[in-house]
Peer 1: 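Just dropping this structure here.
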Amino acid sequence: MKDSFINRKYVIMVLIVLASLVLLIRLFIIQVVKSSYRLSADNNVLRYVTQYPARGLISDRNGKLIVYNQAAYDLMVVPAQTTKFDTTGFCDLLGISSDLLRKQMRIAINYSRRAPSVFLKQVSNETYAKFQEKMFMYPGFYVQPRTLRKYSKPVAAHVLGYVSEVDDGITRKDPYYKSGDYIGKSGIEEAYEKELRGRRGVKIFLVDVYSRIKGSYEDGKKDTLAIQGTNISSSIDLDLQEYGELLMKNKRGSIVAIEPKTGEVLTLVSSPNYDPALLVGRIRSDNYALLSADTLKPLFNRALMASYPPGSTFKPINGLIGLQEGVITPSTLFACHNGYLFIACHSHSSPLSLVGAIGTSCNAYFCQTYRKVLENPYYNTISDAYDKWKGYLNEFGFSNKLGTDFVNELTGFIPTSEYFNKYYGKNRWKALTVISMAIGQGEVGATPLQMANMTAAIANRGYYFTPHIIKSVGSDHTIDKRFITKHQISIDSANFESIVLGMEASVNSGGTSTVAAMKDIIVCGKTGTAQNPHGKNHAVFIAFAPKENPKIAIAVYVENAGFGATYAAPIASLLIEKYLKGVVSNKVREQSMLNLNLMH
Amino acid sequence: MDRSNNIWNRIDKISLILFLLLIVMGWVNIYAAVYNEEHSGLLDMSQRYGKQFIWIAASLVIAIFIVIIDNRFYFFFSWFIYGACMLLLILVIIVGKEINGAKSWFELGGFSLQPSEMAKFGTALALAGYLNTKRQELTQFSVILPASAIILFPALLTALQPDMGSSIVYFSLFIVLFREGMSPYIFFSGLLMAVLFFLTLLTNNLYLTIALIGISVFLVWFATRKWKLVFLGTVIFVFIAVILYLLDHYVFKSIGNELVIFISLILSGIVYAIYIYNKRAVSVLIIYLFLVCSTIFINSVDYTFNNFLPTHQKDRINILLGLKSDPHGTGYNVNQSIISIGSGGFHGKGFLQGTQTKFKFVPKQSSDFIFCTIGEEWGFLGSGIVIGIYLFLLLRLIKLAERQRSDFSRIYGYSVVSILFTHIFLNIGMAIGLVPVIGIPLPFLSYGGSSLWGFTILLFIFLRLDASRTEYLI
Ligand SMILES: [Zn+2]
């Protein structure tokens, strides 16, 4: 029986060998040639869970906590790992609409099916507790702990600023930030972002196909811990801040109080303001839109960003310059006949010396002083004399940014001689052309912060430290060098004494500021009225106390309140007393200020 | 007594060792595939590796019985066994337990049996029994048809369960018919159709058509060795195709690339026909017909699948192709399977170190996708060794088959080779994305009593026949 088909065994053998070769070649390609599968397997099984650090805490100058953290939870989803689930129950549990569920799922799927995305941000503790019990029913979902800001009192919103999530612009500019991170957006939160933010950590987990965590990767050797943000002590006095905001309720304006010896800002009020808790968590964006749209501009920080003509509170500095330039002496007398040329004055005894002129806020006296400063024969041209005058102002921090720790700060405005040369022709202007600046009107503009700083410099009799909102950073109490650098003003301290006497007289010897007087503390102050072309003038008052070894320098602005003595001075005196004594004795004055409503 | 001692000496030791090696490797990998820390005991009966241990022990007992039984039993009872198997296949459709939409299992008090695994050796025996006397006439349809019926009857019954994977395996027995004398044209066109069918489901049929044209051009050159002819044919085809494509692109806009190629093929064929007629180039004609038929075939498979089948039937085919158990959408199984194997690299991640395996990313990993565990934990090295062992076993079995004195034993031997080969190729091919997902086990390695026993019986009947190869069966 000859087998005529015996050679066909070779065909079959070749077939089998070829098939095995096909398998081996394919295996070689996917196992040895391509390395991407290793990555895919890792992506399957490794879940990188960012460990978000808690932001640093912020306390006041006395160690009272102002800002701390509360737990919140971001609900995350890995779309590929979800299974069909009871959507109604899910929505009820989280208190969301089914539309939102669908929308968020779509966004997550568009981002990546395998990588986690945020499904619902900042779920509250209570919702989280409810959800956690049922989480096993919703594979693919898990929570990521976060922290949100919490405020011990609804105050100091402008000082503290707020925190928001980074947007694409930020992540593109600064590689540190990843989508989902938080960043300080104004105030201390922005200025000290680097210190407050801490450092992210990452935990690597192994997850199974149902996205259940099965353990840590390589026993956690590759994990990094989150490092909590540095705690910060603010220079703010929380009680004083709260009291200041209370007094400014229903008024537009601002208060800046500085400790003259250090430049530390004790209180910084901008009114109207808002509860900082409004800009936290999921309600933030809605509230932010509401606050932005508010015609009262509660987000606007007047203390740093509003420029007013200083009015009569500018007189002390003009007096100082007159003394330093030698065009007047403390005993120089100027007559006042209800004004000087076209600038009117109220009725008072005449003639007056410098102290009396500050006390009664005589316009004629300072116009004549200013004229002497600008017409000083020592200088060849009016431009030179004017530049000298402006140089002193610059030393006080006018028409410049003071360099505080706030990121946004207005420079204010003092015109240069160039400005007038351009306007009137080179040196074709006279002292009388710009005479309104003698009494703080006209082209001059300064922020409340600059005025408070000037007051501090007067209180110190000739120097100041750059105002700052931070007392110290971290446990080793560091602070930026620029805040401990003394700014000495090139005016003799003896000249300051004359001005201080004038400001003392203003409050205590029947001057314009007597409403600010206190029994046992010598307050030195000066009223002012900032001209307002859009309506009723703004009331301004600057003061420091006590006269010797001053502890507080303050500038108070109340918009549309008219004469400075009426509203600004009482508020300042209440704050001074509160700060120096801890209690307020003049309850009648306090009550009338609290009740005052200037917003209609 | 004397005789049964002898029989163990005459059993092919190489095949026996390879068999033992495979079941041990199978058990180790099943252990890895279902491993969890709470049940790490080797013989924990609540776990699959514990159960597989029992299946292995039982399969060894079965193997011993098969060897002890007289070799003539299998010859004389081949039809009886086939009949019994067919009865079981019919019965399972009626009273079988439905799992995943298929009635493939008998369940008898916690113990399940899959008759399709047993029917394979029954069919092999019947085929050997039938062809034992008829093999000289396998060139005639009067023999091919009954032989085909023996093969296709269980295939049909299995398809009715429906278990497409197991059904496809029966077709591999045509390899045996080919070996025994069936026309190679029938065999190779069948093989080609099978390959084209899988490729159509796996890839874009435009590329497939283009690849086929390339192959045909090569074949024409191979058959005639005439560069001029090849060049001429190619130029004519490309010329017509470009014109048609431009016409479609700018004028008709509705023909579609597949049809453009097909029409070009027909038109260039007409131009070509003169040449073929003048030169009596029969081989070229055959190649041309092959090309046209394949193109029609792949386009009609694709077209039928996409256009004629209602959605639920399409889903049904997807289910049959094993895409149904996808928890995460089409292609998930294969993707994860390829990721598992691909991530193993050259050396593999090591025993119990495969993350894909450990965290259950591949469904059915201990049964149909056991090769993933091998690929991930033992790498290219381990995969290569497994394929090498299989290849060695298959070639060894061919060698044994060819040394048989009786046609019955040789035909049975080739049946064993064909069935094992098909299982191995399709299973591994499926795991690495070469063939569609077909739910069939990897012989001796996959978890499951029925399949392990089925393969053991299949193999050991042949080893038993081989042990007595010097004896005449009748
Ligand atoms: Zn006067």
Side-chain angles (χ1 to χ4, degrees), chain A residues 1-47 78-84 113-114 139-140 205-215 217, chain B residues 135-136 138 175-176 178-182 184 187-188 191 327-329 332 335-336 338-346 348-349 354-356 358-363 375-376 379-381 383-384 387-388 390-391 394-395 398-399 401-402 407 410 414 417-418 421 424-425 428-429 432-434:
Chain A
M1 248 218 294
K2 192 181 170 295
D3 188 344
S4 51
F5 301 115
I6 187 142
N7 286 334
R8 289 194 179 179
K9 78 172 178 186
Y10 296 115
V11 177
I12 294 168
M13 284 162 86
V14 166
L15 193 72
I16 291 172
V17 171
L18 276 180
S20 305
L21 270 180
V22 167
L23 295 181
L24 281 174
I25 289 167
R26 170 76 176 162
L27 279 168
F28 188 77
I29 290 170
I30 66 172
Q31 293 189 301
V32 183
V33 179
K34 283 195 187 176
S35 53
S36 60
Y37 293 110
R38 180 84 205 206
L39 201 67
S40 306
D42 286 350
N43 285 344
N44 268 342
V45 82
L46 300 184
R47 178 184 296 158
V78 181
Q81 289 165 350
T82 55
T83 54
K84 280 208 170 67
R113 288 188 65 83
R114 295 216 60 85
F205 291 108
L206 293 167
V207 293
D208 71 1
V209 66
Y210 302 110
S211 84
R212 292 178 301 214
I213 289 180
K214 299 306 253 187
Y217 176 62
Chain B
R135 61 167 295 259
Q136 300 295 2
L138 248 179
I175 296 174
V176 181
F178 165 71
R179 164 63 187 86
E180 298 302 319
M182 185 180 71
F187 176 69
F188 280 107
L191 193 67
H328 306 293
Y332 174 85
N335 277 340
Q336 291 301 333
I338 296 174
I339 287 170
S340 299
I341 295 168
S343 69
F346 186 76
K349 298 176 187 172
T355 53
Q356 290 280 103
K358 205 150 84 179
F359 300 122
K360 317 288 179 258
F361 279 89
V362 187
E376 186 180 21
F380 180 67
L381 217 56
S383 314
I387 290 174
Y390 276 130
L391 182 60
L394 291 172
L395 294 179
I398 289 177
K399 191 183 163 154
E402 288 294 346
D407 290 346
R410 185 183 63 249
Y414 267 103
V417 170
S418 309
F421 166 67
I424 294 160
F425 182 75
I428 298 176
I432 57 183
L434 278 181

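Chain naming here is simple, since letters A, B, ... match the order of the sequence lines and numbering starts at 1 in each.
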Peer 1: Do A/Met13 and B/Lys399 have side-chain heavy atoms sitting under 4.5 Å apart?
Peer 2: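 Counting from C-beta outward, A/Met13 and B/Lys399 never come under 4.5 Å.
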Peer 1: Atom CG of A/Leu18 and atom CZ of B/Phe425: how far apart are they, to the nearest 0.5 Å?
Peer 2: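 The CZ atom of B/Phe425 is 10.0 Å from CG of A/Leu18, to the nearest 0.5 Å.
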Peer 1: Taking side chain as everything from C-beta outward and backbone as N, CA, C, O, which of these in B/Phe421 sits under 4.5 Å from a heavy atom of chain A? Side chain, backbone, both or neither.
Peer 2: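 The answer is the side chain of B/Phe421.
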Peer 1: Nearest heavy-atom pair of A/Leu27 and B/Ser383: which atoms, and what distance?
Peer 2: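 Closest heavy-atom pair between A/Leu27 and B/Ser383: CD1-CB, 3.7 Å.
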Peer 1: Answer with side chain, backbone, both or neither: which region of B/Ile341 has an atom nearer than 4.5 Å to a non-hydrogen atom of chain A?
Peer 2: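 Interface part for B/Ile341: both.
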Peer 1: Report the distance from atom CD1 of B/Ile432 to atom CD1 of A/Ile29, rounding to the nearest 0.5 Å.
Peer 2: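 So the CD1 of B/Ile432 and the CD1 of A/Ile29 are separated by 9.5 Å.
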Peer 1: What part of B/Ile387 lies closer than 4.5 angstrom to a heavy atom of chain A: side chain, backbone, both or neither?
Peer 2: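 Contact with chain A is through the side chain of B/Ile387 alone.
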Peer 1: What pair of heavy atoms forms the shortest contact from A/Ala41 to B/Lys349, and how long is it?
Peer 2: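 Smallest interatomic distance, heavy atoms only, reads CB-NZ, 3.9 Å.
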Peer 1: Taking B/Gly379, B/Gly384, B/Gly344 one by one, which has the highest count of heavy-atom pairs under 4.5 Å against chain A?
Peer 2: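 Between B/Gly379, B/Gly384, B/Gly344, the count favours B/Gly379.
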Peer 1: Which atoms of B/Ile398 are under 4.5 Å from chain A, going by heavy atoms: the side chain, the backbone, both sets, or neither?
Peer 2: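 Only the side chain of B/Ile398 comes within 4.5 Å of chain A.
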Peer 1: Specify which of B/Val417, B/Leu191, B/Ile424, B/Ile428 makes the most heavy-atom pairs with chain A at under 4.5 Å.
Peer 2: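 Ranked by contacts with chain A, first place is B/Ile428.
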Peer 1: In terms of heavy-atom proximity below 4.5 Å to chain A, should B/Ile175 be classed as side chain, backbone, both, or neither?
Peer 2: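 Both parts, backbone and side chain.
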Peer 1: At a 4.5 Å cut-off on heavy atoms, which part of A/Val11 comes close to chain B: side chain, backbone, both, or neither?
Peer 2: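 For A/Val11, the side chain is the part near chain B, not the backbone.
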Peer 1: If we only count heavy atoms from C-beta on, is the B/Arg179 to A/Phe5 side-chain gap below 4.5 Å?
Peer 2: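 Side chain of B/Arg179 against side chain of A/Phe5, heavy atoms only: contact under 4.5 Å found.
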Peer 1: Just how far is it from atom CZ of B/Phe178 to atom CG of A/Leu15, taken to the nearest 0.5 Å?
Peer 2: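 Taking CZ in B/Phe178 and CG in A/Leu15, the distance rounds to 8.5 Å.
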Peer 1: Once rounded to the nearest 0.5 Å, what's the spacing between atom CZ of B/Phe380 and atom CG of A/Leu24?
Peer 2: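 Going from CZ on B/Phe380 over to CG on A/Leu24, the span is 5.5 Å.
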Peer 1: Could you pull out the closest heavy-atom pair between B/Leu391 and A/Ser20, with the gap in Å?
Peer 2: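 Of all heavy-atom pairs spanning B/Leu391 and A/Ser20, the closest is CD1-OG, 3.4 Å.
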Peer 1: Calculate, to the nearest 0.5 Å, the distance between atoms CD1 and CD1 belonging to B/Ile339 and A/Ile30 respectively.
Peer 2: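 B/Ile339 CD1 to A/Ile30 CD1: 10.5 Å, rounded to 0.5 Å.
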Peer 1: Rounded at 0.5 Å granularity, tell me how far CD in A/Gln31 sits from OG in B/Ser340.
Peer 2: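 It comes to 10.5 Å.
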